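Reviewing the structure listed below.
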There are 2 protein chains.
Amino acid sequence: MYTSNSPNAILCACTTVKKLARVLGRAYDDALAGTGINITQFAVMRCIVRRTGEPLSRVAEELEMDRTSLYRAIAPMIRDGWIEVMPGTDARSRAAKLTRKGSGLLAKAAVRWDSIQGGLIGCFGKDAWKVLAGELSRLADCAEAEKAK
Amino acid sequence: MYTSNSPNAILCACTTVKKLARVLGRAYDDALAGTGINITQFAVMRCIVRRTGEPLSRVAEELEMDRTSLYRAIAPMIRDGWIEVMPGTDARSRAAKLTRKGSGLLAKAAVRWDSIQGGLIGCFGKDAWKVLAGELSRLADCAEAEKAK
DNA sequence: ACCATAATGATGTGTATACATCAAATTCGC
DNA sequence: GCGAATTTGATGTATACACATCATTATGGT
(Lines give C-alpha, C1' and ligand atoms only; values in the text may rest on other atoms or scores of the structure.)
Protein backbone atom coordinates (compact mmCIF):
# COMPACT_ATOMS: atom_id res chain seq x y z
CA MET A 1 0.00 0.00 0.00
CA TYR A 2 2.94 2.33 0.44
CA THR A 3 3.48 4.69 -2.45
CA SER A 4 6.82 4.41 -4.11
CA ASN A 5 8.90 7.33 -5.20
CA SER A 6 7.61 6.85 -8.71
CA PRO A 7 5.48 9.80 -9.80
CA ASN A 8 3.06 7.33 -11.36
CA ALA A 9 2.33 5.64 -8.07
CA ILE A 10 -0.87 6.37 -6.23
CA LEU A 11 -0.60 9.91 -4.96
CA CYS A 12 -2.63 10.92 -1.97
CA ALA A 13 -4.87 13.69 -3.26
CA CYS A 14 -4.87 15.50 0.06
CA THR A 15 -1.12 15.31 0.63
CA THR A 16 -0.44 16.37 -2.96
CA VAL A 17 -2.61 19.45 -2.64
CA LYS A 18 -1.23 20.30 0.80
CA LYS A 19 2.32 20.09 -0.53
CA LEU A 20 1.43 22.48 -3.33
CA ALA A 21 -0.26 24.78 -0.83
CA ARG A 22 3.01 24.98 1.12
CA VAL A 23 5.05 25.66 -2.01
CA LEU A 24 2.65 28.38 -3.16
CA GLY A 25 2.36 29.74 0.38
CA ARG A 26 6.10 30.27 0.60
CA ALA A 27 6.30 31.77 -2.89
CA TYR A 28 3.48 34.25 -2.25
CA ASP A 29 4.74 35.12 1.26
CA ASP A 30 8.16 35.68 -0.27
CA ALA A 31 6.58 38.07 -2.78
CA LEU A 32 4.77 39.89 0.04
CA ALA A 33 7.84 39.98 2.30
CA GLY A 34 8.42 43.37 3.84
CA THR A 35 4.82 44.54 3.48
CA GLY A 36 3.92 43.20 6.91
CA ILE A 37 1.11 40.97 5.66
CA ASN A 38 1.12 37.37 4.58
CA ILE A 39 -0.93 35.67 1.88
CA THR A 40 -3.50 34.19 4.24
CA GLN A 41 -4.08 37.59 5.82
CA PHE A 42 -4.24 39.06 2.33
CA ALA A 43 -6.96 36.57 1.36
CA VAL A 44 -8.92 37.16 4.56
CA MET A 45 -8.82 40.93 4.08
CA ARG A 46 -9.92 40.70 0.46
CA CYS A 47 -12.81 38.49 1.50
CA ILE A 48 -13.76 40.97 4.23
CA VAL A 49 -13.81 43.71 1.58
CA ARG A 50 -16.10 41.61 -0.64
CA ARG A 51 -18.38 40.89 2.31
CA THR A 52 -18.28 44.12 4.29
CA GLY A 53 -21.26 44.17 6.62
CA GLU A 54 -21.90 40.43 6.45
CA PRO A 55 -21.35 38.22 9.50
CA LEU A 56 -17.83 36.92 9.91
CA SER A 57 -19.11 33.39 9.59
CA ARG A 58 -19.89 34.15 5.93
CA VAL A 59 -16.23 35.12 5.43
CA ALA A 60 -15.14 31.84 7.04
CA GLU A 61 -17.52 29.90 4.80
CA GLU A 62 -16.22 31.48 1.63
CA LEU A 63 -12.62 30.78 2.65
CA GLU A 64 -13.49 27.22 3.74
CA MET A 65 -12.10 27.92 7.18
CA ASP A 66 -13.58 26.73 10.44
CA ARG A 67 -15.35 29.82 11.76
CA THR A 68 -13.55 29.61 15.10
CA SER A 69 -10.20 29.55 13.25
CA LEU A 70 -11.17 32.73 11.43
CA TYR A 71 -12.09 34.49 14.68
CA ARG A 72 -8.61 33.68 15.93
CA ALA A 73 -6.97 34.58 12.62
CA ILE A 74 -8.38 38.08 12.61
CA ALA A 75 -7.18 38.85 16.16
CA PRO A 76 -3.74 40.14 15.10
CA MET A 77 -5.40 42.14 12.30
CA ILE A 78 -7.65 43.84 14.84
CA ARG A 79 -4.69 44.30 17.19
CA ASP A 80 -2.66 45.94 14.43
CA GLY A 81 -5.51 48.16 13.36
CA TRP A 82 -6.02 46.73 9.86
CA ILE A 83 -9.65 45.82 10.40
CA GLU A 84 -12.33 46.79 12.84
CA VAL A 85 -15.21 44.70 14.02
CA MET A 86 -18.72 46.00 14.48
CA PRO A 87 -22.11 44.49 15.33
CA GLY A 88 -23.48 42.25 12.61
CA THR A 89 -26.96 41.80 11.24
CA ASP A 90 -28.27 40.56 14.60
CA ALA A 91 -27.25 40.37 18.26
CA ARG A 92 -25.28 37.18 17.73
CA SER A 93 -23.05 38.08 14.85
CA ARG A 94 -20.20 40.46 14.16
CA ALA A 95 -19.05 41.96 10.90
CA ALA A 96 -15.73 43.47 9.93
CA LYS A 97 -14.42 46.17 7.69
CA LEU A 98 -11.03 47.43 6.69
CA THR A 99 -9.70 50.53 8.39
CA ARG A 100 -7.92 53.27 6.42
CA LYS A 101 -4.65 51.68 7.53
CA GLY A 102 -5.84 48.26 6.41
CA SER A 103 -6.95 49.51 3.02
CA GLY A 104 -3.57 51.14 2.50
CA LEU A 105 -1.78 47.97 3.45
CA LEU A 106 -3.96 45.86 1.18
CA ALA A 107 -3.36 48.21 -1.76
CA LYS A 108 0.38 48.07 -1.19
CA ALA A 109 0.38 44.30 -0.93
CA ALA A 110 -1.82 44.03 -4.01
CA VAL A 111 1.01 45.40 -6.15
CA ARG A 112 3.27 42.55 -5.03
CA TRP A 113 0.40 40.08 -5.40
CA ASP A 114 -0.23 41.24 -8.96
CA SER A 115 3.38 40.66 -9.75
CA ILE A 116 3.69 37.11 -8.48
CA GLN A 117 0.24 36.07 -9.66
CA GLY A 118 0.96 37.51 -13.11
CA GLY A 119 4.34 35.82 -13.31
CA LEU A 120 3.01 32.50 -12.09
CA ILE A 121 -0.01 32.43 -14.39
CA GLY A 122 2.14 33.72 -17.25
CA CYS A 123 4.43 30.73 -16.81
CA PHE A 124 1.62 28.24 -16.26
CA GLY A 125 -0.72 29.55 -18.93
CA LYS A 126 -3.84 31.62 -18.49
CA ASP A 127 -6.17 29.12 -20.09
CA ALA A 128 -4.48 26.25 -18.29
CA TRP A 129 -5.08 28.05 -14.98
CA LYS A 130 -8.76 28.50 -15.79
CA VAL A 131 -9.09 24.81 -16.55
CA LEU A 132 -7.11 23.86 -13.44
CA ALA A 133 -9.25 26.10 -11.22
CA GLY A 134 -12.34 24.35 -12.53
CA GLU A 135 -10.84 20.93 -11.83
CA LEU A 136 -9.84 21.97 -8.31
CA SER A 137 -13.43 23.04 -7.70
CA ARG A 138 -14.69 19.71 -9.05
CA LEU A 139 -12.27 17.84 -6.73
CA ALA A 140 -13.61 19.86 -3.77
CA ASP A 141 -17.14 18.87 -4.77
CA CYS A 142 -16.10 15.20 -4.86
CA ALA A 143 -14.53 15.56 -1.39
CA GLU A 144 -17.73 17.04 -0.05
CA ALA A 145 -19.77 14.33 -1.73
CA GLU A 146 -17.56 11.67 -0.08
CA LYS A 147 -17.94 13.38 3.30
CA ALA A 148 -21.71 13.34 2.97
CA LYS A 149 -21.77 9.57 2.51
CA MET B 1 -8.08 44.85 -8.18
CA TYR B 2 -10.51 43.23 -5.82
CA THR B 3 -11.91 39.99 -7.09
CA SER B 4 -15.63 39.86 -7.39
CA ASN B 5 -17.73 36.90 -6.38
CA SER B 6 -17.81 35.85 -9.99
CA PRO B 7 -16.05 32.54 -10.46
CA ASN B 8 -14.50 33.90 -13.64
CA ALA B 9 -12.73 36.72 -11.84
CA ILE B 10 -9.03 36.49 -11.18
CA LEU B 11 -8.56 33.74 -8.61
CA CYS B 12 -5.51 33.85 -6.42
CA ALA B 13 -3.68 30.62 -7.20
CA CYS B 14 -2.33 30.30 -3.67
CA THR B 15 -5.64 31.01 -1.93
CA THR B 16 -7.50 28.65 -4.27
CA VAL B 17 -5.11 25.80 -3.54
CA LYS B 18 -5.07 26.51 0.22
CA LYS B 19 -8.89 26.44 0.29
CA LEU B 20 -8.89 23.08 -1.45
CA ALA B 21 -6.21 21.86 0.98
CA ARG B 22 -8.53 22.72 3.88
CA VAL B 23 -11.51 21.00 2.28
CA LEU B 24 -9.48 17.88 1.53
CA GLY B 25 -7.82 18.02 4.95
CA ARG B 26 -11.19 17.94 6.70
CA ALA B 27 -12.52 15.19 4.43
CA TYR B 28 -9.45 12.95 4.95
CA ASP B 29 -9.30 13.67 8.71
CA ASP B 30 -12.98 12.80 8.88
CA ALA B 31 -12.24 9.48 7.15
CA LEU B 32 -9.39 8.81 9.59
CA ALA B 33 -11.41 9.89 12.63
CA GLY B 34 -11.15 7.46 15.51
CA THR B 35 -7.84 5.99 14.37
CA GLY B 36 -5.88 8.53 16.41
CA ILE B 37 -3.87 9.81 13.45
CA ASN B 38 -4.56 12.69 11.10
CA ILE B 39 -3.77 12.98 7.39
CA THR B 40 -0.65 15.10 7.86
CA GLN B 41 0.75 12.58 10.34
CA PHE B 42 -0.22 9.79 7.94
CA ALA B 43 1.73 11.47 5.13
CA VAL B 44 4.76 12.06 7.37
CA MET B 45 4.80 8.46 8.53
CA ARG B 46 4.49 7.11 5.01
CA CYS B 47 7.38 9.32 3.95
CA ILE B 48 9.46 8.10 6.91
CA VAL B 49 8.77 4.53 5.77
CA ARG B 50 9.93 5.36 2.25
CA ARG B 51 13.05 7.01 3.60
CA THR B 52 13.93 4.93 6.61
CA GLY B 53 17.55 5.58 7.52
CA GLU B 54 17.77 8.86 5.64
CA PRO B 55 18.19 12.17 7.49
CA LEU B 56 14.94 13.79 8.58
CA SER B 57 15.73 16.78 6.41
CA ARG B 58 15.21 14.54 3.36
CA VAL B 59 11.70 13.74 4.65
CA ALA B 60 11.00 17.46 5.06
CA GLU B 61 12.26 18.11 1.54
CA GLU B 62 10.02 15.48 -0.01
CA LEU B 63 6.99 16.83 1.86
CA GLU B 64 7.90 20.44 1.02
CA MET B 65 7.89 21.31 4.69
CA ASP B 66 10.34 23.62 6.40
CA ARG B 67 12.73 21.20 8.14
CA THR B 68 12.22 22.90 11.50
CA SER B 69 8.44 22.46 11.10
CA LEU B 70 8.95 18.75 10.53
CA TYR B 71 11.09 18.42 13.67
CA ARG B 72 8.22 19.92 15.61
CA ALA B 73 5.59 17.88 13.78
CA ILE B 74 7.19 14.58 14.69
CA ALA B 75 7.41 15.43 18.41
CA PRO B 76 3.94 14.07 19.28
CA MET B 77 4.65 10.97 17.15
CA ILE B 78 7.79 10.31 19.18
CA ARG B 79 5.92 11.06 22.42
CA ASP B 80 3.18 8.61 21.48
CA GLY B 81 5.64 5.91 20.47
CA TRP B 82 4.72 5.77 16.77
CA ILE B 83 8.22 6.54 15.54
CA GLU B 84 11.66 6.44 17.02
CA VAL B 85 14.60 8.59 16.13
CA MET B 86 18.14 7.33 15.81
CA PRO B 87 21.44 8.82 14.69
CA GLY B 88 21.58 9.64 11.01
CA THR B 89 24.32 9.26 8.44
CA ASP B 90 26.64 11.64 10.29
CA ALA B 91 26.93 13.38 13.63
CA ARG B 92 24.67 16.22 12.58
CA SER B 93 21.66 14.38 11.32
CA ARG B 94 18.95 12.14 12.73
CA ALA B 95 16.84 9.53 11.02
CA ALA B 96 13.52 8.02 12.01
CA LYS B 97 11.73 4.74 11.69
CA LEU B 98 8.33 3.45 12.59
CA THR B 99 7.94 1.42 15.74
CA ARG B 100 5.78 -1.72 15.83
CA LYS B 101 3.02 0.44 17.30
CA GLY B 102 3.46 3.00 14.54
CA SER B 103 3.37 0.39 11.80
CA GLY B 104 0.19 -1.05 13.23
CA LEU B 105 -1.40 2.36 13.39
CA LEU B 106 -0.36 3.19 9.84
CA ALA B 107 -1.77 -0.09 8.53
CA LYS B 108 -5.06 0.52 10.30
CA ALA B 109 -5.28 4.07 9.00
CA ALA B 110 -4.36 2.89 5.49
CA VAL B 111 -7.65 1.00 5.27
CA ARG B 112 -9.57 4.23 5.87
CA TRP B 113 -7.26 6.11 3.52
CA ASP B 114 -7.86 3.55 0.76
CA SER B 115 -11.56 4.05 1.19
CA ILE B 116 -11.66 7.83 0.94
CA GLN B 117 -8.97 8.02 -1.71
CA GLY B 118 -10.79 5.38 -3.79
CA GLY B 119 -14.11 7.11 -3.40
CA LEU B 120 -12.72 10.53 -4.20
CA ILE B 121 -10.75 9.42 -7.25
CA GLY B 122 -13.67 7.27 -8.36
CA CYS B 123 -15.88 10.34 -8.35
CA PHE B 124 -13.27 12.63 -9.90
CA GLY B 125 -11.98 10.17 -12.48
CA LYS B 126 -8.74 8.20 -12.41
CA ASP B 127 -7.39 9.67 -15.62
CA ALA B 128 -8.51 13.16 -14.64
CA TRP B 129 -6.62 12.80 -11.35
CA LYS B 130 -3.45 11.76 -13.19
CA VAL B 131 -3.72 14.81 -15.43
CA LEU B 132 -4.49 17.06 -12.48
CA ALA B 133 -1.52 15.75 -10.48
CA GLY B 134 0.74 16.56 -13.42
CA GLU B 135 -0.67 20.08 -13.66
CA LEU B 136 -0.25 20.64 -9.91
CA SER B 137 3.38 19.62 -10.27
CA ARG B 138 3.78 22.01 -13.17
CA LEU B 139 2.25 24.84 -11.10
CA ALA B 140 4.72 24.09 -8.31
CA ASP B 141 7.56 24.31 -10.82
CA CYS B 142 6.29 27.69 -11.98
CA ALA B 143 6.11 28.91 -8.38
CA GLU B 144 9.67 27.83 -7.78
CA ALA B 145 10.77 29.48 -11.03
CA GLU B 146 9.10 32.74 -9.91
CA LYS B 147 10.80 32.48 -6.52
CA ALA B 148 14.18 32.10 -8.18
CA LYS B 149 13.78 35.36 -10.09
C1' DA C 1 -46.73 31.20 22.77
C1' DC C 2 -43.57 27.63 23.47
C1' DC C 3 -39.86 24.63 22.77
C1' DA C 4 -36.54 22.23 19.97
C1' DT C 5 -33.17 23.16 16.65
C1' DA C 6 -29.84 25.95 14.52
C1' DA C 7 -26.64 29.84 14.20
C1' DT C 8 -22.93 32.60 16.09
C1' DG C 9 -19.00 33.66 18.75
C1' DA C 10 -15.81 32.70 22.87
C1' DT C 11 -12.67 29.64 24.82
C1' DG C 12 -9.84 25.32 25.56
C1' DT C 13 -6.71 22.33 23.55
C1' DG C 14 -3.59 20.51 20.32
C1' DT C 15 -1.26 20.07 15.97
C1' DA C 16 0.61 22.62 11.63
C1' DT C 17 3.56 25.79 9.45
C1' DA C 18 7.09 29.16 8.69
C1' DC C 19 10.94 32.45 9.40
C1' DA C 20 14.85 33.84 12.34
C1' DT C 21 18.87 32.79 14.92
C1' DC C 22 22.39 30.01 16.78
C1' DA C 23 25.71 26.10 17.44
C1' DA C 24 27.94 22.00 15.84
C1' DA C 25 29.49 19.20 12.14
C1' DT C 26 30.59 18.43 7.28
C1' DT C 27 32.04 19.75 2.73
C1' DC C 28 34.64 22.05 -0.58
C1' DG C 29 37.93 25.19 -2.69
C1' DC C 30 42.45 26.88 -2.36
C1' DG D 1 45.79 21.72 6.20
C1' DC D 2 42.86 25.55 6.65
C1' DG D 3 39.02 28.44 6.46
C1' DA D 4 34.68 29.76 4.28
C1' DA D 5 30.37 27.98 3.05
C1' DT D 6 26.88 24.74 3.73
C1' DT D 7 24.12 21.37 6.21
C1' DT D 8 21.51 19.87 10.16
C1' DG D 9 18.92 20.28 14.24
C1' DA D 10 17.44 23.08 18.48
C1' DT D 11 14.96 26.92 19.99
C1' DG D 12 12.26 31.37 19.88
C1' DT D 13 8.35 33.47 18.12
C1' DA D 14 4.15 34.02 15.69
C1' DT D 15 0.37 32.81 12.85
C1' DA D 16 -2.71 28.89 10.87
C1' DC D 17 -6.07 25.47 11.44
C1' DA D 18 -9.38 22.27 13.44
C1' DC D 19 -12.41 19.91 16.74
C1' DA D 20 -14.84 20.17 21.21
C1' DT D 21 -17.67 22.53 24.44
C1' DC D 22 -20.47 26.12 26.14
C1' DA D 23 -23.53 30.24 26.27
C1' DT D 24 -26.43 33.40 23.90
C1' DT D 25 -29.61 34.58 20.32
C1' DA D 26 -32.61 33.61 16.38
C1' DT D 27 -35.55 30.57 13.71
C1' DG D 28 -39.04 27.36 12.75
C1' DG D 29 -42.53 23.90 13.71
C1' DT D 30 -46.46 22.86 16.38
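Chain letters run A, B, ... following the sequence lines, proteins first and then strands; every chain starts at 1. Here the structure is a predicted model, which means the values were calculated and not measured.
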*Can you tell me the distance, in whole Å, between the CG atom of B:Leu70 and the P atom of C:dT17?*
10 Å
*Taking for each residue the nucleotide of DNA chain C with the nearest heavy atom, is it A:Ala95 or B:Asp80 whose nucleotide lies nearer the 5' end?*
A:Ala95
_Partner set under side-chain contact (heavy atoms from CB on, under 4.5 Å) for A:Asp141, not counting sequence neighbours_ = A:Ser137
*Give the rounded distance in Å between these two atoms: CE of B:Met65 and C1' of D:dC17.*
13 Å
*Do the side chains of B:Thr99 and B:Ile83 get nearer than 4.5 Å, heavy atoms only?*
no
_On DNA chain D, compare the nucleotides closest to A:Gln41 and A:Asp90; which residue's is nearer the 5' end?_
A:Gln41
*Answer yes or no: is there a side-chain heavy-atom contact under 4.5 Å between A:Ser57 and A:Tyr71?*
yes
*Please state how far atom CD1 in A:Ile74 lies from atom C1' in C:dA10, giving the value in whole angstrom units.*
12 Å
*Any side-chain heavy-atom pair from B:Leu120 and B:Tyr28 closer than 4.5 angstrom?*
yes
Distances under 3.5 Å between protein N/O atoms and the N/O atoms of nucleotides 19-23 of chain C, please, pair by pair.
from: C:dC19; atom 1: N4; to: B:Thr68; atom 2: OG1; distance (Å): 2.9

*asked:* Once rounded to the nearest 0.5 Å, what's the spacing between atom CD1 of B:Ile74 and atom CG of B:Leu56?
replied: 4.5 Å
*With a cut-off of under 6.0 Å to the ring centre and 45° to the axis, is A:Arg46 in cation-pi contact with A:Trp113?*
yes
*Contact class for B:Leu56 (heavy atom, under 4.0 Å): base, sugar-phosphate, or nothing?*
sugar-phosphate
*asked:* Can you say whether a donor on the side chain of B:Arg92 sits under 3.5 Å from an acceptor on the base of D:dT7, or the other way round?
replied: yes
*asked:* Can you pull out the residues from residues 17-25 of chain B that lie within a 4.0 Å heavy-atom distance of DNA chain D?
replied: B:Arg22
*asked:* Does this structure show an ion pair linking A:Lys19 with B:Glu62, if we count only N-O contacts that are shorter than 4.0 Å?
replied: no
_Using a strict threshold of under 4.0 Å (side-chain N to carboxylate O), is an ion pair present between A:Glu64 and B:Arg26?_
yes
*Starting from C1' on C:dT15, measure out to CE on B:Met45 and report it in whole angstrom.*
15 Å
*Is any side-chain N or O of A:Arg58 closer than 4.0 Å to OP1 or OP2 of C:dA7?*
no
*What integer distance in Å separates A:Ile83:CD1 from D:dT15:C1'?*
14 Å
*State, with a plain yes or no, whether a side-chain heavy atom of A:Leu139 is found less than 4.5 Å away from one of B:Leu20.*
yes
_d(OH, A:Tyr71; P, D:dC22) in whole Å_ = 18 Å
*Figure out the CG/P separation between A:Leu63 and D:dT15, and round it to whole Å.*
18 Å
*Measure from the side-chain heavy atoms of B:Ala91 and tell me the nearest of D:dA16, C:dA25, C:dT8.*
C:dA25
*asked:* Below the 4.0 Å mark, does C:dA18 have OP1 or OP2 next to a side-chain nitrogen or oxygen of A:Asn38?
replied: no
_Using whole Å, what does the distance between atom C1' of nucleotide C:dA18 and atom OH of A:Tyr28 come to?_
18 Å
*Under a 4.5 Å cut-off applied to non-hydrogen side-chain atoms, are B:Lys18 and B:Arg22 in contact?*
yes
